[in-house]
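Chain identifiers are assigned alphabetically (A, B, ...) following the order of the sequence lines, protein sequences preceding nucleic acid strands; residue numbering begins at 1 within each chain.
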Amino acid sequence: MNFNNELVHWYQQNKRDLPWRNTTDAYTIWLSEIILQQTRVEQGLPYFNRFLENYPDVGSFAAASEDEILKLWQGLGYYSRGRNMLKTAIMVKEVYDSKFPQNYDQLIKLKGIGEYTAAAIASFSSNEAKAVVDGNVYRVIARYLGIAEPINSTTGKKIFQQTANDLLNKKNPAIHNQAMMELGAIICKPKNPACGICPVRTDCYAFTHNATNSLPVKLNKVKVRERYLNYFLITDSDKVLVNKRNQSDIWANMYDLPLVETTSLMDPGELLRLPMVTDFFGNNVEVTEISPIKKHVLTHQRLYVRLIKIQNMPSKLQEQWFYTPVEELKKLAVPKIIFIFLKNIFNL
DNA sequence: AAAGCGGGGGC
DNA sequence: GCCCCAGCTTT
């Protein structure tokens, strides 16, 4: 038997039962694919169910506000996915009369849909012969064929995409694509791959050359930036002073609190004398409570976050600041680390 | 071509 | 602590 037959046979015997595999509806598949970008199935699954429940079709999605989408997305990360989905839903409603496109060339033009996602939606919804290349597929191909080209170089990406196209079973692209990814997820795992039960091990380069640990090759050294986020908790009777974040940083368009950022750890006394702080709150800041510093790790940043409760009211509000009742605070999309703080304070 | 963008889980 | 996860967009 050849690679394709072994692969698909294995898949049909061993696949997980995942909800987005029981449909050919392009909208539903789109929902699942965007949610699963850089996200584990177990983490994305509850979000998929919630989104499908709240927005059963692309028309209802297009009618939502960005605040609503971000709130539902809260905790999942990479929030531009949610913002781009709204743009795409509106586009589909207006340009395609709320019928979600099924072909690659139309899909690739939509916001938040790149090569992988376009190939996934096209093949799963209409069996179009486009090969998906995600993290799983990179791993399977690199190991099976012994390709040492870095998977994140420009030439590497081209080589792997071309190889995936060549390998694709044109008679049944949907199942083939699913099977490639499932093999990567269940058998050909990054660490401790289950080669002993792999259906294609006898022809696998990495298995026969004992090279699973060194494939695939990836050159990526992310440099991590350290940031110190000093948040100020300011209340006015039952209201809290909230900040809407801008476009150009993490957590774009989401909500947090008035913030003074420093590039190093400062003791509170020093912090409160910074011009930035005195400009906001005056020279005599009355502190009633300082939280311990919480460390929050992102892919490219290490955040050290604390909350300083003060009695002062700002002399003038920044444009992006506003007071909101605690009850309304619940409805705002808040980054995970901020949500933890707020939850403890207000029992959200 | 490189940088930026979350949060979680495995080891 | 490091790596990876059904990647894409912006610079």
Side-chain angles (χ1 to χ4, degrees), chain A residues 15-16 18-21 29-48 70 73-85 87-88 107-124 130-140 150-158 160-161 164 174 177-186 188-193 213 216-225 227 245 247-254 294-303 305 333-340:
Chain A
K15 64 177 174 181
R16 294 167 290 179
L18 302 172
W20 45 84
R21 285 185 174 158
I29 294 165
W30 168 68
L31 213 51
S32 72
E33 289 302 336
I34 304 293
I35 286 172
L36 292 174
Q37 287 170 2
Q38 295 291 285
T39 304
R40 291 160 192 276
V41 166
E42 309 83 67
Q43 190 189 1
L45 191 47
Y47 286 84
F48 170 79
L70 288 176
W73 204 272
Q74 180 176 294
L76 193 57
Y78 284 160
Y79 296 93
S80 66
R81 290 182 289 173
R83 289 184 280 115
N84 285 333
M85 283 183 98
K87 293 176 191 164
T88 283
L107 289 162
I108 194 78
K109 296 193 173 97
L110 296 169
K111 277 283 183 196
I113 297 182
E115 282 186 65
Y116 162 77
T117 306
I121 300 174
S123 63
F124 301 155
K130 297 282 181 184
V132 298
V133 183
D134 74 336
N136 293 306
V137 177
Y138 277 121
R139 201 164 49 246
V140 169
I151 61 173
N152 56 341
S153 68
T154 305
T155 54
K157 285 179 194 163
K158 283 192 189 129
F160 280 93
Q161 182 67 60
N177 280 335
Q178 292 279 11
M180 288 289 280
M181 293 193 284
E182 193 77 338
L183 188 72
I186 295 181
C188 199
K189 298 175 290 183
K191 298 277 167 66
N192 303 324
N213 284 333
V217 175
K218 186 176 185 179
L219 13 114
N220 220 359
K221 306 162 238 307
V222 294
K223 29 183 195 291
V224 177
R225 179 161 63 118
R227 302 175 71 175
R245 297 182 59 84
Q247 281 282 5
S248 61
D249 197 357
I250 56 172
W251 306 325
N253 291 7
M254 296 176 73
K294 255 188 140 15
K295 186 177 171 183
H296 186 70
V297 180
L298 307 180
T299 302
H300 301 269
Q301 306 183 15
R302 269 197 293 272
L303 308 178
V305 186
V334 169
K336 186 80 171 177
I337 181 66
I338 308 302
F339 190 73
I340 292 171

Atom [atom1] of [X] and atom [atom2] of [N]: how far apart are they, to the nearest Å?
{"X": "A:Lys111", "N": "C:dC8", "atom1": "NZ", "atom2": "P", "value": "13 Å"}
{"X": "A:Leu219", "N": "C:dC4", "atom1": "CG", "atom2": "P", "value": "12 Å"}
{"X": "A:Glu33", "N": "C:dA6", "atom1": "CD", "atom2": "P", "value": "11 Å"}
{"X": "A:Leu45", "N": "C:dC5", "atom1": "CG", "atom2": "C1'", "value": "15 Å"}
{"X": "A:Ile113", "N": "C:dA6", "atom1": "CD1", "atom2": "P", "value": "19 Å"}
{"X": "A:Glu115", "N": "C:dT9", "atom1": "CD", "atom2": "C1'", "value": "14 Å"}
{"X": "A:Tyr138", "N": "C:dC8", "atom1": "OH", "atom2": "P", "value": "9 Å"}
{"X": "A:Tyr47", "N": "C:dA6", "atom1": "OH", "atom2": "P", "value": "17 Å"}

Residues that A:Phe124 engages under ring-ring contact (aromatic ring centres under 6.0 Å, His included), provided they are two or more places apart
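Partners of A:Phe124 under the ring-ring contact (aromatic ring centres under 6.0 Å, His included) test: none.
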
Listed by chain and number, what are the ring-ring contact (aromatic ring centres under 6.0 Å, His included) partners of A:Trp20, not counting sequence neighbours?
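ring-ring contact (aromatic ring centres under 6.0 Å, His included) list for A:Trp20, sorted by chain: A:Phe48.
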
Looking only at the side chains, is there a donor atom on one of A:Tyr116 and A:Gln37 sitting less than 3.5 Å from an acceptor on the other?
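Distance-only check fails for A:Tyr116 and A:Gln37.
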
Runs of at least three Watson-Crick or G-U pairs with DNA chain B, cut-off 3.5 Å
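As far as DNA chain B goes, consecutive pairing (with distances under 3.5 Å) yields the stems B:1-5 with C:7-11, B:7-11 with C:1-5.
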
Set of side chain to side chain donor-acceptor pair (under 3.5 Å) partners for [X], sequence neighbours left out:
{"X": "A:Gln38", "result": "none"}
{"X": "A:Tyr47", "result": "none"}
{"X": "A:Ser248", "result": "A:Asn246"}
{"X": "A:Gln74", "result": "A:Lys71"}

May I ask you to verify if any side-chain N or O of A:Ser32 is less than 4.0 angstrom from the OP1 or OP2 atom of C:dA6?
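It does not, given that no N or O in the side chain of A:Ser32 lies less than 4.0 Å from OP1 or OP2 of C:dA6.
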
Check whether any side-chain N or O of A:Lys189 sits under 4.0 Å from OP1 or OP2 of C:dC3, and answer yes or no.
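A:Lys189 to C:dC3 OP1/OP2: no side-chain N or O under 4.0 Å.
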
Indicate for each nucleotide in nucleotides 4-10 of chain B, in 5' to 3' sequence, whether protein heavy atoms under 4.0 Å reach the base (B), only the sugar-phosphate (S), or nothing (-).
BBBBBB-

If the condition is salt bridge (charged side-chain N to carboxylate O under 4.0 Å, His left out), which residues does A:Arg245 pass it with, not counting sequence neighbours?
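Expected list: A:Asp249, A:Asp256.
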
Remember a base hit wins even if backbone is also touched, and classify A:Arg21 as base, sugar-phosphate or nothing at under 4.0 Å, heavy atoms.
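Base contact.
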
Using a heavy-atom cut-off of under 4.0 Å over every strand shown, decide if A:Thr117 touches base, sugar-phosphate, or nothing.
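Contact class for A:Thr117: sugar-phosphate only.
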
Of the non-hydrogen atoms in A:Ala164 and A:Val132, which two are nearest, and what is the gap between them?
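The answer is CB-O, 4.4 Å.
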
What's the shortest heavy-atom distance between A:Pro216 and A:Ile151, and which atoms?
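Where A:Pro216 meets A:Ile151 most closely, the heavy atoms are CB-CG2, 3.7 Å.
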
Between B:dC11 and C:dA6 - P atom distance, rounded Å
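14 Å, rounded to whole Å.
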
Whichever of A:Arg139 and A:Leu110 has its nearest DNA chain C nucleotide further upstream toward 5':
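Taking each residue's closest nucleotide, the earlier one in sequence belongs to A:Arg139.
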
When you match A:Ala185 and A:Arg302 each to their closest nucleotide on DNA chain C, which lands nearer the 5' end?
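Residue closer to the 5' terminus by nearest nucleotide: A:Arg302.
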
Between C:dG1, B:dC11, C:dA6, spot the one nearest the side chain of A:Asn192, thanks.
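Ranking C:dG1, B:dC11, C:dA6 by closest atom to the A:Asn192 side chain puts B:dC11 first.
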
